[in-house]
Amino acid sequence: MRAGGDGRFYITTAIPYVNAAPHIGHALEFVQTDVIARANRLMGREVLLLTGADENSLKNVKAAEEQKITTQQLCDRNAAYFMELAQKMNLSFGVFMRSSLREAHWPGVQRLWQLCDGAGDIYRKKYSGLYCVGCEQFYTEGELVGGLCPEHKTKPEPVEEENYFFRLSKYQDALQKLIEEDRLRVWPQSRKNEVLGFIRGGLEDFSISRSVARARGWGVPVPGDSSQIMYVWLDALSIYMTGVGYGTSDKEFGKWWPTDVHVIGKGIIRFHAVYWPAILLSAGIDLPKSVFVHGYLTVEGEKMSKSIGNVVSPLALLGKYTADELRYYLIRDIPTFEDGDFSEAALKDRVNKELLGDLGNLVNRVLTIVEKSGFTDFSGKNELGGMLDADAVVGALGAMELHNALGMIMEFVRACNRYVNDKAPWKLDGEELRGVLYNLLEAMRIVSVLMYPFIPETSEKIAGKLGTRITGFAECRFRESFTERTAKGEHLFKKIE
RNA sequence: AGCGAGGUAGGGUAGUCUGGAGUGCCCGCCGGGCUCAUAACCCGGAGAUCGGUGGUUCAAAUCCACUCCUCGCUACCA
């Protein structure tokens with residue numbers, strides 16, 4: 001994760017396909033993205049986080065028909081769910097971009113198309129496939145169950161249609177080199193291998209348009225051909241650019257592009273690590289610097305699915321848990337790049353044992369002793385500083401090891417609790433007590449800064465109790481003395497029964 | 001089938017690249033301490049032939065070969 005020389009950092013979530021309400025997987029992605037964004041702010045960078053909604057798809061048209069509302073109404077409603085989730089989880093986004101915004105989004109997509117076309121990479125070709133009339137979509141052999149449409153159990157018919165294709169094959173060597181050399185970095189290594197394996201297997205051109213009839217007229221029109229509409233990928237990926245002004249404000253676009261990190265789920269890696277950079281190469285636009293691929297969540301050990309009825313709604317969870325509690329759990333319990341399992345029992349456990357029992361308790365017990373001490377300024381020998389390697393925490397954040405970074409901070413919190421027990425400050429007085437409290441106050445101040453990317457509201461609360469401010473990672477070393485006025489106030493967390 | 005990832009105490013993980021006593025962490029279990037703290041905190045203990053087999057080495061969870069099991073990817077699918 002290297003920001004440009006100008007100290008700016010542009011990061012995106014994947015653009016969720018808004019044909020349904022958000023599930024817990026979306027929440028995971030939001031949190032991971034936000035932790036990276038906030039960490040970069042504390043590193044002193046100017047950060048822009050983009051999220052949004054991908055709305056131009058046939059499925060939305062059909063869902064709207066079923067619900068007897070317009071497609072735009074359906075998109076508006078579903079996009080609002082994602083906006084709500086982003087806000088409630090404290091995703092610090094600057095842009096929420098939607099692909100149905102004609103004025104903001106369409107000009108950029110069409111310009112991109114024209115650039116690829118100008119490079120000679122777009123051509124017409126007959127596309128044939130197995131088409132299910134009921135689903136109104138094409139299936140590959142592998143997707144069929146016993147040769148039948150998995151949904152309608154009918155035999156799809158071979159259909160032929162002329163579409164536009166993108167010359168992906170032309171970029172095979174260039175892409176392979178870019179990824180091998182980490183000029184387009186793919187996190188983690190295992191995903192990079194997977195992408196390279198795919199590229200080495202040979203790249204075929206892919207279809208980038210549909211007939212207007214088949215798309216039901218919903219989507220971005222192909223420039224100069226009123227019979228075709230762009231297929232979702234070119235359109236959806238462009239959101240990353242149009243969201244920062246591509247096609248509408250060259251100045252804004254120049255300020256933020258290229259993307260530093262695209263955060264995505266493992267299911268859409270090919271589009272981001274192969275199709276997208278190829279399109280940009282064709283158009284002569286700078287490539288994103290990296291793609292961050294997280295895993296998927298199971299729920300209580302089972303795959304999330306509508307038919308099982310175990311889809312976990314983060315919006316519902318947020319009625320019961322605070323944003324920080326959910327954020328903490330998702331980073332702490334789910335390995336950053338692996339699949340993980342969501343379990344409410346585990347969530348509760350993390351909140352009660354760690355946020356409340358370790359962190360909340362530390363703050364509370366120390367501030368109680370501080371108040372009883374009657375001291376207002378604290379100094380002494382630095383005994384706790386050696387227990388924390390703040391640079392290692394920041395380094396882990398820079399290396400995208402969110403899980404490890406948080407683990408290191410919690411280890412320090414435990415060390416602080418141990419220190420309290422060992423020193424038994426309730427038995428001390430005078431300079432000895434002053435020195436112990438100095439160590440603990442400085443430790444908590446630093447914890448409030450390091451924790452900020454993960455649990456920003458709680459960090460602000462801790463800083464508020466300490467009378468300090470969270471400015472940046474540069475603040476994460478012990479000062480000579482602690483002189484701010486503390487105020488114990490209420491508990492940071494409530495026990496969840 | 002091909003390519004990729006992984007199999008470490010009851011559960012979950014770190015360690016593996018750059019071999020060095022099974023070393024660590026979380027949950028759970030057992031015992032003890034403390035009383036500042038939201039029955040929170042701290043210490044100690046039990047519990048693992050590090051998937052299996054065979055090699056390399058003075059020494060292997062770590063390197064090599066083979067093998068068993070799990071998962072992911074294998075294209076127009078969010």
Side-chain angles (χ1 to χ4, degrees), chain A residues 14-20 25 54 57 59 127 129 137-143 163 165-166 168 188-210 231-234 236-237 264-272 274-275 293 295-296 298 301 332-335 337-341 343 345-346 349-350 352-373 401 403-404 407-408 410-411 413-428 433 436-437 440 488 490-496:
Chain A
I15 304 303
Y17 178 52
V18 295
N19 64 338
D54 168 21
S57 101
K59 280 187 186 166
Y127 174 67
Q137 73 170 41
F138 283 89
Y139 281 101
T140 57
E141 302 273 357
E143 288 171 331
N163 296 147
F165 275 69
F166 176 78
L168 182 65
Q189 180 75 30
S190 53
R191 295 295 171 198
K192 174 178 165 181
N193 293 342
E194 197 177 299
V195 170
L196 284 172
F198 176 76
I199 294 174
R200 289 189 188 114
L203 298 180
E204 292 170 21
D205 299 347
F206 64 98
S207 158
I208 52 171
S209 76
R210 296 284 124 105
Y231 188 53
V232 285
W233 281 105
L234 190 79
L237 290 162
I264 61 168
K266 65 181 184 180
I268 54 176
I269 183 170
R270 184 177 317 135
F271 305 102
H272 286 78
V274 181
Y275 291 14
V293 188
Y296 283 164
T298 52
R332 180 76 163 147
D333 233 37
I334 309 298
F337 296 113
E338 310 291 318
D339 288 349
D341 184 55
S343 133
D349 217 45
R350 290 291 185 184
N352 286 340
K353 292 297 266 184
E354 299 187 0
L355 284 179
L356 189 155
D358 292 333
L359 179 61
N361 182 43
L362 174 70
V363 171
N364 191 236
R365 69 197 300 209
V366 170
L367 289 181
T368 300
I369 302 169
V370 165
E371 289 189 354
K372 286 184 181 174
S373 78
E401 295 166 5
H403 185 254
N404 288 344
M408 281 187 252
M410 286 312 287
E411 222 169 280
V413 168
R414 285 170 195 278
C416 291
N417 272 317
R418 202 178 308 128
Y419 180 77
V420 175
N421 281 56
D422 291 347
K423 293 289 177 183
W426 52 91
K427 289 178 181 169
L428 303 176
L433 175 59
V436 168
L437 292 177
L440 290 165
K488 187 178 160 192
E490 304 206 327
H491 288 140
L492 288 172
F493 300 96
K494 288 198 185 83
K495 181 153 187 170
I496 295 161

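Remember, predicted model here, so these are calculated numbers, not experimental data. Just so we're on the same page: letters track the sequence lines, and every chain starts at 1.
For the pair A:R365/A:N417, a side-chain contact is recorded, criterion being any heavy-atom separation below 4.5 Å from C-beta on. Looking at A:W233 and A:H272, their side chains come closer than 4.5 Å, going by heavy atoms from C-beta outward. Contact check for A:V420 versus A:W426: side-chain heavy atoms found under the 4.5 Å cut-off. In this structure the side chain of A:L433 reaches within 4.5 angstrom of the side chain of A:I369, judged on heavy atoms. The shortest distance between side-chain heavy atoms of A:L492 and A:L355 does not fall below 4.5 Å. Looking at heavy atoms from C-beta onward, A:F493 lies out of side-chain contact with A:N352 at the 4.5 angstrom threshold. At least one side-chain heavy atom of A:Y275 sits under 4.5 Å from a side-chain heavy atom of A:L168.
Contacts of A:R332 with the nucleic acid, taken as non-hydrogen atoms under 4.0 Å apart, are absent. The residue A:G357 sits close only to the backbone: its heavy atoms come under 4.0 Å of sugar-phosphate atoms, none of a base. Note on A:D54: a base of the nucleic acid sits closer than 4.0 angstrom, heavy atoms only. Counting any heavy atom pair closer than 4.0 Å across all strands shown, A:E354 reaches sugar-phosphate atoms only and no base atom. As judged by a 4.0 angstrom heavy-atom cut-off over every strand, A:L492 is placed among the base-contacting residues. As judged by a 4.0 angstrom heavy-atom cut-off over every strand, A:G25 is placed among residues making no nucleic acid contact. Note on A:A14: nothing from the nucleic acid sits closer than 4.0 angstrom, heavy atoms only. Within 4.0 Å of A:Y231, counting heavy atoms only, lie sugar-phosphate atoms of the nucleic acid but no base atom.
Across all strands shown, B:A40 has no partner, as no Watson-Crick or G-U wobble contact with both distances under 3.5 Å is found. Judged by Watson-Crick or G-U wobble contacts below 3.5 Å, the nucleotide B:U18 has no partner. Figure legend. B:A78 is base-paired to no nucleotide; pairs are counted as Watson-Crick or G-U wobble with both atom distances under 3.5 Å. When Watson-Crick and G-U wobble pairs are counted only if both distances are under 3.5 Å, B:U35 pairs with no nucleotide at all. With a cut-off of 3.5 Å on both Watson-Crick or G-U wobble distances, the partner of B:U13 is given as B:G24. The nucleotide B:U49 finds no pairing partner, because no Watson-Crick or G-U wobble arrangement with both distances shorter than 3.5 Å includes it. With a cut-off of 3.5 Å on both pairing distances, the Watson-Crick or G-U wobble partner of B:U70 is B:A5.
Rounding to whole angstrom units, NZ of residue A:K353 and P of B:A40 are separated by 6 Å. Taking atom CD1 of residue A:I269 and atom P of nucleotide B:U74, one finds them 11 Å apart after rounding to whole Å. Distance CZ (A:F165) to C1' (B:A75): 12 Å, rounded to an integer number of Å. A:L355 places its CG atom 13 Å from the C1' atom of B:U38, with the value rounded to the nearest Å. Atom CG of A:N352 is separated from atom P of B:A39 by 11 Å (rounded to the nearest Å). Rounded to an integer number of Å, the gap from NE2 of A:H403 to P of B:G15 is 10 Å. In this entry the distance linking CG of A:N417 with C1' of B:C42 reads 9 Å, nearest Å. In this structure, CG of A:D349 is placed 11 Å from P of B:A40, rounded to the nearest angstrom.
In the set B:A78, B:A75, B:C42, B:A75 carries the atom at the smallest distance from any side-chain atom of A:L203. Comparing atom distances between the A:K495 side chain and each of B:C26, B:A37, B:U38 picks out B:U38 as nearest.
A:E401 contributes atom CD, which lies 7.0 Å from atom CE of A:M408 (distance to the nearest 0.5 angstrom). The CG atom of A:D54 sits 9.0 Å away from atom CG of A:L237, with the distance rounded to the nearest 0.5 Å.
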Close N or O pairs between protein and nucleotides 33-36 of chain B (under 3.5 Å):
{"unit_1": "B:G33", "atom_1": "N2", "unit_2": "A:N421", "atom_2": "ND2", "d": "3.3"}
{"unit_1": "B:C36", "atom_1": "O2'", "unit_2": "A:R365", "atom_2": "O", "d": "3.4"}
{"unit_1": "B:C36", "atom_1": "O2", "unit_2": "A:R365", "atom_2": "NE", "d": "3.0"}
{"unit_1": "B:C36", "atom_1": "N3", "unit_2": "A:R365", "atom_2": "NE", "d": "3.4"}
{"unit_1": "B:C36", "atom_1": "N3", "unit_2": "A:R365", "atom_2": "NH2", "d": "2.6"}
{"unit_1": "B:C36", "atom_1": "N4", "unit_2": "A:R365", "atom_2": "NH2", "d": "3.3"}

Contacts under 3.5 Å, N or O only, protein and nucleotides 3-8 of chain B:
none

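Across the C1' atoms, B:U8 and B:G51 are found 10 Å apart, a figure rounded to whole Å. Of the C1' atoms belonging to B:C58 and B:G12, the separation is 36 Å, rounded to the nearest Å. Going from the P atom of B:C64 to that of B:A1 covers 23 Å, rounded to whole Å. Here the separation of B:G52 from B:C68, taken at their P atoms, is 15 Å to the nearest Å. The separation of B:U74 from B:G10, taken at their P atoms, amounts to 36 Å, rounded to a whole angstrom. Going from the C1' atom of B:U56 to that of B:A65 covers 11 Å, rounded to whole Å. For B:U53 and B:G15, the C1' atoms lie 24 Å apart once the distance is rounded to whole Å. Separation of the C1' atoms belonging to B:A9 and B:C50 is 10 Å when rounded to the nearest angstrom.
For A:K488, the NZ atom counts as densely surrounded, since its 6.0 Å shell holds more than 12 non-hydrogen atoms of other residues, nucleotides or ligands.
No donor-acceptor distance shorter than 3.5 angstrom exists from the side chain of A:D358 to the backbone of A:R414, with no hydrogens or angles considered.
Residues satisfying the salt bridge (Lys or Arg N to Asp or Glu O under 4.0 Å) criterion with A:E194, sequence neighbours excluded, are A:R191.
Comparing A:F493 and A:R350 by the nucleotide of RNA chain B that holds the closest heavy atom to each, the one mapping nearer the 5' end is A:R350.
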